[in-house]
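Throughout, residue positions are numbered sequentially from 1 according to the sequence presented.
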Amino acid sequence: MAASSHNSFPRSPNPSTRSYDSSSVSSATSPRPQVQLLGNLMGSSSRPNTAQAPQPIGIPPLPPVSQTGFQPYTPVTATSVMGRDSLPPTDSVASTPGLSSAQLSANVSAQKRAYRQRRKDPSCDACRERKVKCDATETTSCSECSSRNVKCQFTKETNRRMSSIKQVQDLEKQIERVRRENSNLRRNLAERGEHMDVDAEGAEQLLHHPPDLNSEPRKRKRAATLLQDPARARAAFRDFSRGVLKPPVPYRQPQVPIARFDRPRPPLPPKSIVEKLLNTYYGAAHIMMPILHWPTLQNEVEELYRNPSNLLRVPVSWNSMFFAVLAVGSLFSNDPCPDRTLRASEFLEASRSLTDPWNNDFDLDNVRASFLTSLALNELNLKSAAWNSLGNAVRIAQDLDFHLEVTGIRSRVDADMRRRVWWAIYILDRTLSMELGRPFMIDDADCDVALPEPFDDHLLHAEGPIHPANGVPLTHFLHAIINIVRSFSAMRKAFSSPIVEPPRLATFDNHFMACQKLFPEACGANNASLIAPHMLMPLVYLLSARLQLHRHNLAPSCPWEARSDAIHQCKVTAIETASLIAQTNATLADTATALLVTHIFRSTLFLLLTGCHELASTCMRALKSIDVRRDVVVPCGRYLAFFLQILGVKRREILSHLSHTTISGYHTQPALPDPRAIQDALLKDEELLIYVSADMQASAETSWVWMGAEHEAPLAMSSSTGASLAHPDTRTGLNPKEREDWGGWDNLIDIARSLASATASPASGYAPRAQTLLPIKMEPGANMSPGGTAEAGSSRNSPIAVGASGSRSTERISIANII
């Protein structure tokens with residue numbers, strides 16, 4: 001073993017790429033008698049590239065007198081296996097005539113290494129089973145297999161030679177380089193509008209990464225065009241295929257209904273109310289999802305009110321869509337609570353009454369009506385009903401091929417309206433699915449519709465958009481929201497794993513940082529400028545996605561390091577949310593959506609858990625300003641009241657445990673606990689983590705609070721007496737007593753302030769003071785110097801002297817005094 005430390009030839013990974021043959025084995029794997037090796041050394045050689053004879057272990061070779069240094073290291077060639085030179089059975093380099101002493105010395109040293117290394121080579125299957133020495137060579141079987149007349153083979157997994165570390169690393173680098181080149185090639189082809197088939201591995205990689213900003217969806221294959229126009233076949237096919245199939249949307253003939261869906265048209269509201277509601281709708285919904293060409297809608301409304309008899313001439317689908325627009329506008333108006341909700345429910349009922357349940361020929365307004373109905377139901381906190389209505393909108397849109405980029409639509413406005421409506425449906429599908437923990441209704445692989453044109457409505461005309469000379473062509477946030485929600489497919493793929501690994505989290509965080517740059521600079525995390533309240537509505541898509549991404553790692557299956565990092569990242573997002581709320585220059589009540597309320601609610605939970613009570617109060621004041629304008633606010637306030645109560649109880653329990661300790665019957669004075677210790681204990685409390693996860697427990701895949709509930713008796717829940725949209729019990733899920741018993745927002749803000757003051761002085765039963773320890777007393781007999789150290793010359797400080805005198809008990813420091 002000592003000689004190995006002086007070996008001047010260190011081992012090196014083998015870059016050989018020769019595949020392993022199970023039918024043969026290197027001669028270096030089997031030791032041979034020393035007589036044979038000496039014979040090889042003295043005999044002639046027939047192979048020019050062979051190994052050297054072994055050197056006895058522990059005896060390094062002596063260099064010649066003329067050699068001034070070590071021989072340079074020669075890399076292992078492809079003829080070696082795993083960095084070891086193969087030793088031929090009957091040949092030796094040493095037998096070459098005229099071999100110098102320096103070469104002989106190097107050969108002997110190399111043979112010594114081969115002899116030492118060959119013992120680590122594997123044996124054949126038979127020798128391994130019998131635990132005997134295997135002397136198989138590269139060309140012959142071992143003596144054990146020959147005597148037993150069996151095949152000498154190396155098939156066991158433990159016997160197979162592995163590739164070298166360097167070789168594996170080189171292959172990994174090559175694979176990564178090829179993947180990057182393929183990614184760049186796909187991007188270049190996509191920019192030129194060309195298509196390239198993606199293999200299964202490439203498609204899997206694309207699912208794990210969010211798409212690039214403003215990148216067009218991958219184009220789907222179309223049928224090859226014929227050399228000549230099949231006009232004759234087309235005419236015949238259009239005639240005789242009726243009742244068998246529907247042609248694609250651009251080539252469908254308008255159908256003449258046999259029996260019109262003629263229901264009594266609901267009366268139109270006064271024009272003044274309509275204008276007010278349309279303005280409200282524009283400021284709250286249209287700036288995020290412009291599914292209507294606003295100049296066209298205004299002209300149609302003006303024409304309708306100029307001659308009320310035109311009501312019977314407009315299509316029923318347009319009339320249904322118009323009432324759905326008024327319903328959404330009513331929900332964002334500043335009317336009193338009962339009147340606002342009652343009016344919205346009446347408009348939704350009017351829109352539903354104009355919907356033919358047996359309709360088989362749809363148009364654009366049918367899709368808009370179903371989508372707006374789903375949007376209104378979501379704002380009314382009827383999420384399952386919204387999910388159902390959205391499914392109807394998705395199916396109608398797919399029936400009209402909205403998910404495909406079709407040709408043949410002559411008007412640029414109509415073509416772009418198809419794109420806008422489809423992407424609005426896509427946004428709501430992704431958002432509701434993530435909120436409810438449901439599967440997506442739209443598969444990205446089925447869609448290749450292009451992004452909407454980046455122009456506002458007043459710049460978009462039938463012949464094409466008008467490019468303003470010194471103006472901003474786009475003021476709505478549809479494109480920014482699309483870039484955010486397109487990453488939800490990759491997020492859902494990541495959520496299929498119990499834990500989202502840090503590299504994947506970093507990928508999503510970088511994508512969200514790039515998305516945030518699409519918003520004005522005032523919306524940045526480090527900007528203190530005032531912002532308008534409506535700016536938070538599109539920005540909440542980004543903030544909510546970030547919080548849901550990191551919140552996934554709160555599950556108990558994740559290690560504590562991942563859970564702690566998840567809490568920290570959610571806290572960072574919550575702090576940014578509270579800062580943006582503080583930067584708003586007006587109330588959020590007029591433009592707040594249900595998504596914004598839900599995100600503020602989640603942020604408040606994490607701020608309270610992590611001790612950011614002032615920022616939590618900022619969020620609760622924002623929820624107080626919204627209050628009954630959104631029906632989900634009251635259930636959120638009731639939940640926060642419960643969470644604050646539990647948080648206070650947990651804090652008092654931890655404080656009591658850390659403040660009062662008793663050791664060996666000696667009661668210490670109440671000590672001021674470290675606030676960090678209290679906070680760490682709260683963060684590790686499993687019950688609090690369940691409460692702070694909130695709507696994570698709504699999904700059967702991500703929840704853990706319901707484990708074991710199948711063995712419990714069902715709780716008696718208060719039933720809702722409401723049977724219509726106008727009743728608050730239907731929209732909140734709470735009866736009148738439950739809507740009032742949580743104390744209101746002012747009470748919650750006061751409780752949060754009291755928790756903040758309790759954190760500053762956690763020991764409420766006594767005045768906070770520094771803990772003083774009793775002086776350490778020495779038993780009589782210990783000679784101490786004035787400096788507090790024992791005298792060096794004192795014999796009593798010597799263990800021998802103490803043991804000899806028998807006075808050990810007088811020399812020990814009192815245990816109680818140490819404590």
Side-chain angles (χ1 to χ4, degrees), residues 210 213 287-289 378 427-428 430-435 477-488 490-491 495 500 505-529 531-554 565-584 588 591-610 612 615-616 618-623 625-626 630 632-633 636 692-696:
L213 297 183
I287 61 171
M288 292 190 296
M289 300 180 184
N378 184 44
I427 291 172
L428 190 56
R430 289 303 191 260
T431 305
L432 268 182
S433 298
M434 295 294 288
E435 291 286 313
F477 299 96
L478 179 62
H479 288 75
I481 300 175
I482 290 175
N483 283 297
I484 296 170
V485 300
R486 287 181 70 184
S487 64
F488 287 6
M491 284 179 57
F495 288 171
V500 183
L505 290 174
T507 300
F508 286 110
D509 286 335
N510 293 334
H511 176 75
F512 291 145
M513 289 175 60
C515 290
Q516 191 163 10
K517 295 179 181 178
L518 300 176
F519 292 90
E521 295 182 0
C523 299
N526 299 324
N527 198 306
S529 303
I531 59 176
H534 71 273
M535 297 292 297
L536 287 183
M537 306 313 123
L539 194 59
V540 74
Y541 286 90
L542 174 63
L543 298 172
S544 178
R546 279 170 43 189
L547 191 142
Q548 292 184 59
L549 169 68
H550 292 282
R551 192 182 62 170
H552 176 79
N553 285 352
L554 278 183
D565 184 69
I567 296 174
H568 173 71
Q569 294 297 332
C570 292
K571 172 187 174 182
V572 171
T573 303
I575 291 175
E576 184 177 349
T577 301
S579 300
L580 289 172
I581 292 174
Q583 292 175 226
T584 54
L588 298 174
T591 57
T593 60
L595 179 63
L596 177 64
V597 171
T598 307
H599 174 69
I600 296 177
F601 161 69
R602 298 177 186 135
S603 301
T604 307
L605 289 174
F606 281 99
L607 292 174
L608 291 173
L609 177 67
T610 55
C612 303
L615 295 175
T618 300
C619 293
M620 286 189 286
R621 283 191 291 268
L623 293 175
S625 66
I626 302 170
R630 297 278 81 82
V632 72
V633 173
C636 290
V692 81
S693 65
D695 51 342
M696 273 188 72

From CA spacing to verdict: side-chain contact (heavy atoms from CB on, under 4.5 Å), R551, F606:
CA-CA 10 Å; R551 192 182 62 170; F606 281 99; 4.0 Å; yes

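- Between the R630 side chain and the A592 main chain, a donor and an acceptor come within less than 3.5 Å of each other.
- No donor-acceptor pair under 3.5 Å is formed between the side chain of S544 and the backbone N or O of Y541.
- When all heavy atoms are compared, the tightest approach of L518 to A480 is CD1-CA, 4.2 Å.
- A donor-acceptor contact closer than 3.5 angstrom is absent between the side chains of E435 and T431.
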Evaluate side-chain contact (heavy atoms from CB on, under 4.5 Å) for V632 paired with C636, printing each intermediate quantity in order.
CA-CA 6 Å; V632 72; C636 290; 4.0 Å; yes

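- No donor-acceptor distance shorter than 3.5 angstrom exists from the side chain of S433 to the backbone of R430, with no hydrogens or angles considered.
- Looking at N553, its side chain does come within 3.5 Å of a backbone N or O of V500 through a donor-acceptor pair.
- Remark: Q516 engages E576 in a side chain to side chain donor-acceptor pair (under 3.5 Å) (not counting sequence neighbours).
- Contact record, G524 with L580: O-CD2, 4.4 Å, taken as the closest heavy-atom pair.
- Side chains of M535 and P520 form a contact here, defined as non-hydrogen atoms less than 4.5 Å apart.
- Taking the side chain as every heavy atom from C-beta outward, I427 and L478 approach each other to under 4.5 Å.
- With sequence neighbours excluded, the residues forming a side chain to side chain contact (heavy atoms under 4.5 Å, CB included) with V540 are L595, L596, H599, listed by chain and number.
- The two atoms that bring A545 and M491 nearest to each other are O-CE, 3.7 Å, heavy atoms only.
- Between L213 and C515 the shortest heavy-atom distance is CD2-SG, 3.6 Å.
- To the nearest 0.5 Å, atom OG1 of residue T618 and atom CD1 of residue I575 are 11.5 Å apart.
- Distance check: T577 OG1 to L607 CG gives 8.0 Å after rounding to the nearest 0.5 Å.
- The line from NE2 of H534 to OG1 of T584 is 12.0 Å long, rounded to the nearest 0.5 Å.
- Of the possible polar contacts, none joining the Q548 side chain to the M696 backbone as a donor-acceptor pair under 3.5 Å is found.
- Remark: M537 CE to T593 OG1 distance equals 6.0 Å, nearest 0.5 Å.
- Looking at every heavy atom in both residues, Q583 comes nearest to A528 through NE2-C, 4.0 Å.
- The structure places CZ of F512 at 10.5 Å from CG of L543, a figure rounded to the nearest 0.5 Å.
- Evaluation of the side chain to side chain donor-acceptor pair (under 3.5 Å) rule for D509 yields H550 as partners, not counting sequence neighbours.
- Taking the side chain as every heavy atom from C-beta outward, F508 and R546 never approach each other to under 4.5 Å.
- Salt bridge absent: D565 and K571 never bring a charged side-chain N and a carboxylate O closer than 4.0 Å.
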Output, in order, the C-alpha distance, side-chain angles, deciding distance and verdict of side-chain contact (heavy atoms from CB on, under 4.5 Å) for S603 and T573.
CA-CA 7 Å; S603 301; T573 303; 5.6 Å; no

So F601 and T604, side-chain contact (heavy atoms from CB on, under 4.5 Å) or not? Walk me through it.
CA-CA 5 Å; F601 161 69; T604 307; 5.6 Å; no

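- Between the side chain of N510 and the backbone N or O of A506 there is at least one donor-acceptor pair closer than 3.5 Å.
- Counting only distance, with no hydrogens or angles, the side chain of S487 and the backbone of N483 share no donor-acceptor pair below 3.5 Å.
- Rounded to the nearest 0.5 angstrom, L605 CG and C570 SG are separated by 11.0 Å.
- In this structure, P533 and L588 approach most closely via the heavy-atom pair CB-CD2, 3.8 Å.
- A parallel orientation is assigned to the rings of H552 and F495, their planes being inclined by less than 30° (bins at 30° and 60°).
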